[in-house]
Amino acid sequence: MSEVKRDDLTGESTTGHEWNGLTELDTPVPRGILLFVIVTHAFALIWWILMPAFPLGTTYTPGILGVSQFTSADEAVAENRLARASWSDALLEKSDAEILADRALMVRVTEAGHQLFGDNCAACHGRDARGGIGYPNLTDHDWIWGDGSVADIMDTMRIGINAQHAETRFAQMPAFGREQMLTTAEVRNVAHYVYSLSNPDYSTVDNFERLEAGSQTFATNCAGCHGQDATGIPGSGAPNLTDDAWVYGGEIEQIIASVHGGRVGHMPYWEDRLTPTEIQVLALYVHSLSSGRP
Ligand code: HEC
Ligand code: HEC
């Protein structure tokens, strides 16, 4: 039963439906809301026409503006490449010394190098490149391989150390104790002698004999790799044992562990994983960490 009536109380018409004596007012939609609905619908319609919108099976309506996330991503990548090309080209043209002297260029190199270092090297050498037990500090002036020049660092990165690369740098500290090349007493004595080299106060009258015995063992067993004066032989991989820079720790017990069980550090090679420019940028960055430049 439907009969439109006017409601006495409000003066509005009813919808004309009645349920058990209850009728419903036919109040019009408030103007604000109506306007909002019209505007949003108009906006959606215009958006559909301009922008990519409806899915159509394997494709979609592209919209007349031709906007696409793919083209915007491509443009961003191209822009980035262009920005990098403008300074990475300079890397090819200049010598290492010229690059290091070019402050503006080194700012770019340091930025990119820091990023690459975080992604590829920090897991072992630490975010700040200061290393840790088993991983050398790259910010000091103490180099095991070469003299820390950009070229030497690039070589180490390219071929790795004890890595899978055919030309890899190769070096191993023999396990003198475990392989029974030296007795336990000889291992301890030579370790005390090595400790005394970087801790001169340790050479006292009391342990003169022990250090003397250790020094003999060193001359016959260790000098061939670490040098007569134990300062290491650059390029052989046998580090300087007379300074404060230790890869495996400079406490007596740690030195005994190095001599007893030997040491073989593994540094991956990066020739296949980074581009030559990335390797150069990283080598410049690592070099600058210890040379005090940017
Ligand atoms: C065949 C060459 C060779 C001989 C011989 C050799 N070393 Fe080494 N030694 C190395 C190499 C290479 C390393 C570095 C290993 C690494 O970093 O993985 C090393 C590392 C060490 C370390 C650890 C240094 C650090 O920074 O923590 C100590 C200590 C050491 N050697 C002491 C000795 C002593 C003492 C002898 C003699 C008993 C000796 N070495 C004989 C090649 C040698
Ligand atoms: C899986 C661990 C690991 C990663 C990752 C790694 N390194 Fe190394 N790196 C080592 C170890 C271990 C050594 C020392 C090897 C030895 O001499 O026995 C080393 C040595 C080096 C050296 C020679 C230090 C010296 O005193 O001569 C340089 C330079 C170096 N790393 C740079 C890098 C750079 C740059 C990266 C990133 C691209 C990197 N490393 C990533 C483990 C790592």
Side-chain angles (χ1 to χ4, degrees), residues 113 116-126 129 131-163 168-177 179 181-182 186-195 197-198 214-227 230 232-271 273-274 278-287 289-290:
L116 283 167
F117 195 90
D119 292 347
N120 297 286
C121 324
C124 290
H125 292 284
I133 294 290
Y135 302 105
N137 184 343
L138 302 178
T139 68
D140 57 16
H141 293 271
D142 193 80
W143 295 96
I144 303 171
W145 297 96
D147 58 6
S149 69
V150 176
D152 282 338
I153 298 174
M154 274 173 75
D155 269 351
T156 301
M157 288 182 59
R158 195 173 61 79
I159 59 184
I161 303 165
N162 299 320
T168 190
R169 294 190 188 287
F170 176 79
Q172 196 168 334
M173 162 74 193
F176 283 92
E179 304 288 335
M181 291 181 271
L182 294 177
E186 284 170 328
V187 168
R188 296 196 77 86
N189 289 347
V190 78
H192 282 266
Y193 167 71
V194 167
Y195 179 79
L197 297 174
S198 48
S215 139
Q216 302 275 327
T217 306
F218 191 90
T220 37
N221 293 277
C222 323
C225 288
H226 290 281
I233 301 176
S236 76
N240 185 344
L241 301 176
T242 66
D243 58 14
D244 290 336
W246 297 92
V247 181
Y248 301 99
E251 296 304 321
I252 289 182
E253 289 308 317
Q254 292 168 312
I255 298 175
I256 290 174
S258 290
V259 182
H260 174 83
R263 300 289 191 189
V264 193
H266 293 279
M267 155 82 183
Y269 74 91
W270 299 89
E271 186 164 44
R273 280 182 277 176
L274 297 174
E278 285 172 330
I279 291 182
Q280 190 187 6
V281 165
L282 267 168
L284 286 160
Y285 171 71
V286 169
H287 175 85
L289 293 177
S290 59

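These numbers come from the heavy atoms of this one structure, side chains and all, not from hydrogens, waters or symmetry mates. In this chain, numbering begins with 1 at the start of the sequence shown. Each ligand, and each atom within it, is numbered from 1 in the order the structure gives.
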Quick check against the 3.5 Å criterion: does T168 have a side-chain atom that pairs as donor or acceptor with the backbone of F170? no
Numbering the atoms of ligand 2 from 1, which are under 4.0 Å from a heavy atom of N120? 5 (C), 37 (C), 38 (C)
P174 touching ligand 1 at heavy-atom level, < 4.0 angstrom: yes
Which of the atoms of ligand 2 are close to Y135, meaning less than 4.0 Å from one of its heavy atoms? 2 (C), 12 (C), 42 (C)
So which protein heavy atom does atom 1 (C) of ligand 1 come closest to, and at what separation? C225 SG, 2.7 Å
I153 heavy atoms, cut-off 4.0 Å: which ligand 2 atoms fall inside? 29 (C)
Region of P268 engaging ligand 2 - heavy atom pairs below 4.0 Å: side chain
Any N or O of L182 closer than 3.5 Å to N or O of ligand 1: no
Numbering as shown, the atoms of ligand 2 that approach G134 to under 4.0 Å (heavy-atom distance): 12 (C)
Residue, atom name and distance, where the atom is the protein heavy atom closest to atom 3 (C) of ligand 2: C124 SG, 2.7 Å
CD of E251 to OH of Y195: how many Å apart, nearest 0.5 Å? 5.5 Å
For a distance under 2.8 Å, tell me if H226 has an N/O/S atom near atom 8 (Fe) of ligand 1. yes
Using a 4.0 Å heavy-atom cut-off, say whether Q254 meets ligand 1 through its side chain, its backbone, both or neither. neither
Here the atoms of ligand 1 under 4.0 Å from any heavy atom belonging to R263 are 15 (C), 18 (O)
Would you mind listing which atoms of ligand 1 come within a distance below 4.0 Å of any non-hydrogen atom of G237? 11 (C), 12 (C), 13 (C), 14 (C)
List every atom of ligand 2 that sits less than 4.0 Å from any heavy atom of P136, numbering the atoms from 1 in the order shown and giving each element. 11 (C), 13 (C), 14 (C), 19 (C), 20 (C)
Taking 4.0 Å as the limit for heavy-atom contacts, which would you say applies to Y248 with ligand 1: side chain only, backbone only, both, or neither? both
So, is M173 placed with an N/O/S atom under 2.8 Å from atom 8 (Fe) of ligand 1, counting both backbone and side chain? yes
Would you kindly specify which portion of S258 sits under 4.0 Å from ligand 1, judged on non-hydrogen atoms: side chain, backbone, both or neither? side chain
Per-atom contacts, ligand 1 versus I255 - under 4.0 Å to a heavy atom: 29 (C)
Considering only heavy atoms of H266, which atoms of ligand 2 have at least one such atom less than 4.0 Å away? 10 (C), 11 (C), 12 (C), 42 (C)
Options D155, I279, T156, V286, ranked by nearest heavy atom to atom 22 (C) of ligand 2, top entry: T156
Reported SG-to-CE distance for the pair C225 and M173, which is rounded to 0.5 angstrom: 8.5 Å
Tell me the contacting part of D152 for ligand 2: side chain, backbone, both, or neither, using a 4.0 Å heavy-atom threshold, strictly below. neither
Distance under 4.0 Å to a non-hydrogen atom of G265: what atoms of ligand 1 satisfy this? 16 (C), 18 (O)
Does some non-hydrogen atom of A123 fall short of 4.0 Å from ligand 2? no
Taking only non-hydrogen atoms of V264 and a 4.0 Å limit, the atoms of ligand 1 in range are 18 (O)
Relative to ligand 1, is V247 under 4.0 angstrom through side chain, backbone, both or neither, heavy atoms considered? both
